[in-house]
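Each chain gets a letter, A, B and so on, in the order its sequence line appears, and its residues count up from 1.
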Amino acid sequence: MHEKFLKPYNPEESEKAIYKIWEDSGFFNPDVCVEKGVTRSDAEPFSVIMPPPNANGSLHAGHALFVTLQDVMTRVARMQGKRTLWFPGADHAGFETQVVYEKKLQKEGRSRFGMEPKDLYKEILDFTLSNKSFMEGQLRSLGASCDWSRELFTLDERVVHTVHDTFKKLDDDGLLYRGARTVNWCPKHQTSLSNLETEHEERTEPFYYFQYGPFVIGTSRPETKFGDKYVVMHPDDTRYAEYTHGQKIDLEWINGPITATVIKDVAGDPEMGSGVMTITPWHSGIDFEVAKRHNLDYEQIINWQGKLLPIAGEFEGMSIKEAREKIVEKLEKKGLLVKIDTTYKHTVPVCYKCAREIEPQIRQQWFVTMKPLADRALKALADGEFRILTEQHEKIFRHWLTGIEDWNISRQIVWGIPIPAKICAKCDAGYVDLTNSIVTCTACGGEVVKDPDTFDTWFSSGQWPYVTLGFPDGDDFKTYYPTTVMETAADIIFFWVARMVMFGLYRTGKVPFRDVYLHGLVRDKHGKKMSKSKGNVTAPTEISEKYGTDALRMGLLIGNTAGTDMNLDPDKINAYKKFANKIWNISRFVLNAVADAGLDLTHALQKEDTILLSEVQELARDVTTDVEKYRLYIAGEKLYHYTWHRFADEVLEESKQILQGDDESLKKSRVRTLYEALIIQLKLLHPFMPFVTEEIWQALPERETGLLMVAKWPKE
RNA sequence: GGGCGGUUAGCUCAGUUGGUAGAGCGUUCCCUUGACGUGGGAAAGGUCACAGGUUCGAAUCCUGUACCGCCCACCA
């Protein structure tokens, strides 16, 4: 017996070396598997595209969870002889990374504003690339058996090329437009954001009622009211029947007398306050819609930095907070303040990164018309072209797509894929221009310049499955698309999953994946969300150094149902560290028995031993079914149970008598049985706990393959 | 405002197609020489939130209630 078994299993000693053997073998690459005869060239393909981790920091527990889930699926498929591809990537993560980098700049007393875009881009690129290799190292340490030879970065030429083509195709198909529309503007980050990139905070803020000529209007935002010269009410509101649409009314307002115009529009809700409102189209989407319907003027009141513009008169240059109080004071002095409701509760949109209030602003942006894309995706789901394994997520998915709105895909940041377009310096019209050939604006004759904006990262990420596989004519695309399963975090179901489905169908005519497995959030042991500010973040690399990667993987997997959040408890991980050691000692026992009694794999089996082996084979059937039905947690638990509480606690204990007895035939039969049962268990356990099982495999006296990683799965 | 979940042992959670409940940790007791003390054996502990219903039978299906949570959302 190998002398390494004289000590307890030490993950730290074996993991790095084991991973190197795997990687050097080339078997992560399905082409190598075919070349070396491990996989048949006509074998059924199995493919998983890895959600590319952001190359802007360390891996977190959620990454460890996805690596575990995807690696289990991948390793099982590979051992089953399928042509198995797990495609890795790294995400430049546009806005996310730029925010991370801006924080770094701030620490150094610098700011992105005032930097040359080119210089900023170069700095972020260097930063990202160095993080990228760090992140790849961490994926390796988690045991990810992905094909590194294919790895793709989201800014690689191939990606940019395809993304630009999609942009052009959307334009050709009339699904793209550039328009002045209300966007979510973050005054800190100086960019527009998609709806999904805003969060909503409930606030209790004063709600003011002002006298506006003969009307009383209510608002929580007095600072936007300077330009309000339209007063809107519902056409059927009998209280205001005496006023007619278009009627002019002179009245005293914040900075003196103005003339207001009556607008009858269904946007006026008779149930709300007095049923009368004034509108600020530049800073409210609803108001903008009203203005558009009636072709009304609109004017910017608040600048891009969140300060009041000259239209505010004496309040010019003030911040919103400062101006709000002073305006109310002034209106009160003028006798126009009717009352203040201090119990008013409402929600305000905030930037998901900095929590600053979003200022709705009108801005020329690129938008994608989503409805046709969404309808096609919904049809694909209804027709069963793909399925979402968790029912609740399928409902959520359907609900979101049913009410989808157009998508603002342009961002005012440098870190991202440039939008291949020209915009008119004079009238802001935009032209899709992949070949950089447009020189004048057809609308106004003005000069056009390169659009400085970049794409929302998700615009490119949404195309990841077919981009990675080399759409339209790459071999991988032909072999592996649509992919078998998309495994990713449930919280990006809209950001990513929905977009992949829509884009996949749009560009390739096929869904990008057959099954969608969504995992929940990894929380701390008390169920609290991990966050840097709370200081409860557990780095997976630390856990795996302390307990071993196999233990970490089992701890993340078992007891975790698809789609639900889980808590990461070190005590639980430790239990699986013990399990790794248990497997180690079981192997030691079996190898001792082999050394003592000799191993004859052709020796006739006792009836009892046949039964024992059939028991393990039944386990193999169970585990295989569970894995194929994506019940990985159950598979893991069954293995744990069988190996420890049946095989170790009972079978090995009972075997001691036989092994110590003097019936050589019984002994030989039992040793063969134990050995074969061990082999099966190692194989079954390998996808879950790859390191310890491979380490043991390497010490087996008789084994069918050099590497357990490509051994034959014990059940077809 | 709309949508989706959860409520099972002291704690954190499983429970695959309905057949009177399981894991890890914790607690109590016992076991020190040959696989493993990172161990072995045993035990305590649950009216499966509540109320109805379907069923021979419900933690599991249906309806309602209570509490907790998550997501989406431009209501002045």
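Where RNA chain B pairs in unbroken runs of 3 or more (Watson-Crick or G-U, both distances under 3.5 Å), the stems are B:1-7 with B:66-72, B:10-13 with B:22-25, B:27-31 with B:39-43, B:49-53 with B:61-65.
If you check every strand for non-hydrogen atoms under 4.0 Å, A/F288 touches nothing.
Across residues 353-368 of chain A, not one residue has a non-hydrogen atom less than 4.0 Å from an atom of RNA chain B. For RNA chain B, the neighbouring residues in residues 563-570 of chain A, judged by any heavy atom under 4.0 Å, are A/T564, A/N567. Of all the residues in residues 215-228 of chain A, A/G218 reach under 4.0 Å from RNA chain B with at least one non-hydrogen atom.
Applying the salt bridge (charged side-chain N to carboxylate O under 4.0 Å, His left out) definition to pairs two or more places apart or across chains, those involving residues 355-370 of chain A are A/R203-A/E357, A/R221-A/E359. For residues 574-585 of chain A, the set of pairs meeting the side chain to side chain donor-acceptor pair (under 3.5 Å) definition, not counting sequence neighbours, is empty. Residue pairs meeting the salt bridge (charged side-chain N to carboxylate O under 4.0 Å, His left out) criterion with at least one member in residues 517-528 of chain A, sequence neighbours excluded, are A/R523-A/D565. Evaluation of the salt bridge (charged side-chain N to carboxylate O under 4.0 Å, His left out) test over residues 264-290 of chain A, restricted to residues two or more places apart or in two chains, returns A/D265-A/R293.
Between A/R387 and A/E394 there is no salt bridge, since no side-chain nitrogen of the basic residue lies less than 4.0 Å from a carboxylate oxygen of the acidic one. For A/K229 and A/D297, the salt-bridge test passes: some basic side-chain N is under 4.0 Å from an acidic carboxylate O.
Between the CE atom of A/M233 and the P atom of B/A76 there is a distance of 19 Å, rounded to whole Å.
Among the nucleotides B/C25, B/A23, B/C4, the one closest to any side-chain atom of A/E637 is B/A23.
For A/T278, the side chain to side chain donor-acceptor pair (under 3.5 Å) criterion is met by A/K225, A/D228, not counting sequence neighbours. Listed by chain and number, the residues in a side chain to side chain donor-acceptor pair (under 3.5 Å) with A/D550 amount to none (sequence neighbours excluded).
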Distances under 3.5 Å between protein N/O atoms and the N/O atoms of nucleotides 31-41 of chain B, please, pair by pair.
from, atom 1, to, atom 2, distance (Å)
B/A35, OP1, A/K656, NZ, 3.3
B/A35, O2', A/N585, OD1, 3.3
B/A35, O2', A/R588, NE, 3.4
B/A35, N6, A/A648, O, 3.2
B/A35, N6, A/E653, OE2, 3.2
B/A35, N3, A/N585, O, 3.2
B/C36, O4', A/N585, OD1, 3.2
B/C36, O2', A/N585, ND2, 3.3
B/C36, O2, A/K582, NZ, 2.8
B/C36, N3, A/K582, NZ, 3.0
B/G39, O3', A/K582, NZ, 3.2
B/G40, OP1, A/K582, NZ, 3.3
B/G40, OP1, A/W644, NE1, 2.3
B/G41, OP1, A/D649, OD2, 3.4

Check the interface with nucleotides 72-75 of chain B: list each N/O to N/O pair with the protein under 3.5 Å, or write none.
from, atom 1, to, atom 2, distance (Å)
B/C74, O2, A/I286, N, 2.8

